[in-house]
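Quantities reported herein were computed from a predicted structural model and do not represent experimental measurements.
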Amino acid sequence: MFARLENNIVMEILDVETLPNFHPDLIWVACGGGVAQGFIHDNGVFTDPETLITADDVRPQKLRKISSMYHSKIEEGFLYADDLYHLDATARTNMGLMKLEIDAGGVNPHGGYWVGMDGVHALTDVAVVAMADAARLAYRGLLFAKATHEATLNATTDKAAILSYDVDAGWP
C-alpha cells in the first residue's frame, strides 16, 4: 500500500504491492492499512489530523453555541398568564422600575396597559408586579442554564465528551 503526498498531506492511497511507474514529481511512500486521505506525513510517521485537535480546540465553538442559545432564549421572551412578553434588558428594566414605583405607592404608573410581544395587554398593578417577578425568575433560569452549561464544558477535558455535549438541553 502506498500514499501519494502533497506538502506532507496524504492525497490518495494506492492499494498495490508494487508501485507502478509514475511521473517523478509525484511523491509516493509506503504506508500501512490504517492510513487514509488527509493524514499528515512527518519524518516517516503518518498522523490522523483528528488526533491533533484537542479539547481546547473544540470547546470555544460549544461555548459560542451556548451564548447564542442564551441570547435566542432572551429574544423568545417569556410567557405570563398565557401572554408573551419581552425579556431583553430594556423590558427587564422597565418591569423592575414599574414594580418599584408600585411598591412605593404609585397607582397605575403603567397606564393600565403593558405592551407584550403578542400585543397590548390590560394589566392591574398586581399583575404588573407578578409579571415582573415572573420575568425575573425566567431570566434567572436562563442565567443558571447558561452558567451550568459553561461550567460543565470548561471542566470537561475529553474532546469526545465536548463534541457530544448537548447544548440544546436543559434550558427553561
Side-chain angles (χ1 to χ4, degrees), residues 8-11 34-40 42 45-172:
N8 293 333
I9 306 294
V10 175
M11 302 307 289
V35 175
Q37 187 175 1
F39 274 42
I40 300 166
D42 188 29
V45 176
F46 289 95
T47 305
D48 181 349
E50 282 295 313
T51 62
L52 302 176
I53 298 171
T54 67
D56 290 333
D57 296 326
V58 297
R59 184 178 294 110
Q61 178 184 3
K62 288 288 186 167
L63 290 171
R64 283 190 299 275
K65 172 108 172 147
I66 290 168
S67 179
S68 176
M69 179 67 76
Y70 166 77
H71 290 289
S72 73
K73 293 288 184 183
I74 294 288
E75 290 299 316
E76 287 175 13
F78 74 103
L79 277 176
Y80 168 73
D82 294 327
D83 296 317
L84 190 59
Y85 292 92
H86 297 277
L87 194 55
D88 58 40
T90 301
R92 293 190 317 272
T93 300
N94 288 339
M95 287 180 218
L97 291 172
M98 283 299 124
K99 183 178 183 311
L100 286 173
E101 195 167 334
I102 291 167
D103 288 346
V107 178
N108 203 12
H110 52 87
Y113 295 94
W114 198 274
V115 178
M117 294 177 76
D118 56 355
V120 178
H121 308 285
L123 295 176
T124 65
D125 288 349
V126 171
V128 169
V129 169
M131 177 188 60
D133 289 341
R136 183 177 45 82
L137 291 174
Y139 182 65
R140 282 186 177 173
L142 292 175
L143 284 176
F144 179 78
K146 180 178 183 277
T148 300
H149 280 302
E150 290 171 341
T152 300
L153 277 177
N154 285 326
T156 303
T157 58
D158 180 62
K159 178 178 77 171
I162 292 172
L163 287 170
S164 65
Y165 186 80
D166 184 5
V167 300
D168 295 328
W171 293 92

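Across A138 and F78, no two heavy atoms sit closer than the pair CB-CB, 3.9 Å. Scanning all heavy atoms of the two residues, the minimum distance from W171 to K73 falls at CB-CE, 3.8 Å. In terms of heavy-atom proximity, Y80 sits nearest to A127 at OH-O, 3.6 Å. For the pair V10 and F46, the tightest heavy-atom approach, listed with the atom from each and the gap, is CG2-CE2, 3.6 Å. Pairing each heavy atom of R59 with each of T157, the nearest pair is NH2-CA, 4.1 Å. The two atoms that bring A145 and P172 nearest to each other are CB-CD, 4.0 Å, heavy atoms only.
In this structure the side chain of D42 never reaches within 4.5 angstrom of the side chain of T47, judged on heavy atoms. Side-chain contact between K65 and D168 is present, with at least one heavy-atom pair separated by less than 4.5 Å. Residues N154 and L63 are in side-chain contact: their nearest non-hydrogen atoms beyond the backbone lie under 4.5 Å apart. Taking the side chain as every heavy atom from C-beta outward, Q61 and I162 never approach each other to under 4.5 Å.
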Let me check something: any side-chain donor-acceptor pairs from residues 85-98 under 3.5 Å, sequence neighbours excluded? List them with distances.
residue : atom : partner : partner atom : Å
D88     : OD1  : T90     : N            : 3.2
D88     : OD1  : A91     : N            : 2.8
R92     : NH1  : L87     : O            : 2.7
R92     : NH2  : Y139    : OH           : 3.4
T93     : OG1  : A89     : O            : 2.9
N94     : ND2  : T90     : O            : 3.4

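Take F39 and apply the ring pair (Phe, Tyr, Trp, His ring centres under 6.0 Å) test, not counting sequence neighbours, and it matches no residue. Residues forming a ring pair (Phe, Tyr, Trp, His ring centres under 6.0 Å) with Y165 (at least two apart in sequence, or on another chain): H149.
D57 places a side-chain N or O within 3.5 Å of a backbone atom of T54 that can act as its donor or acceptor partner. The main-chain N or O of L163 is found under 3.5 Å from a side-chain atom of K62 such that the two form a donor-acceptor pair. Within the 3.5 Å criterion, the main-chain N or O of T148 finds a donor-acceptor partner in the side chain of T152. The closest donor-acceptor contact from the side chain of K159 to the backbone of I53 lies under 3.5 Å.
To the nearest 0.5 angstrom, M69 atom CE is 11.0 Å from L142 atom CG.
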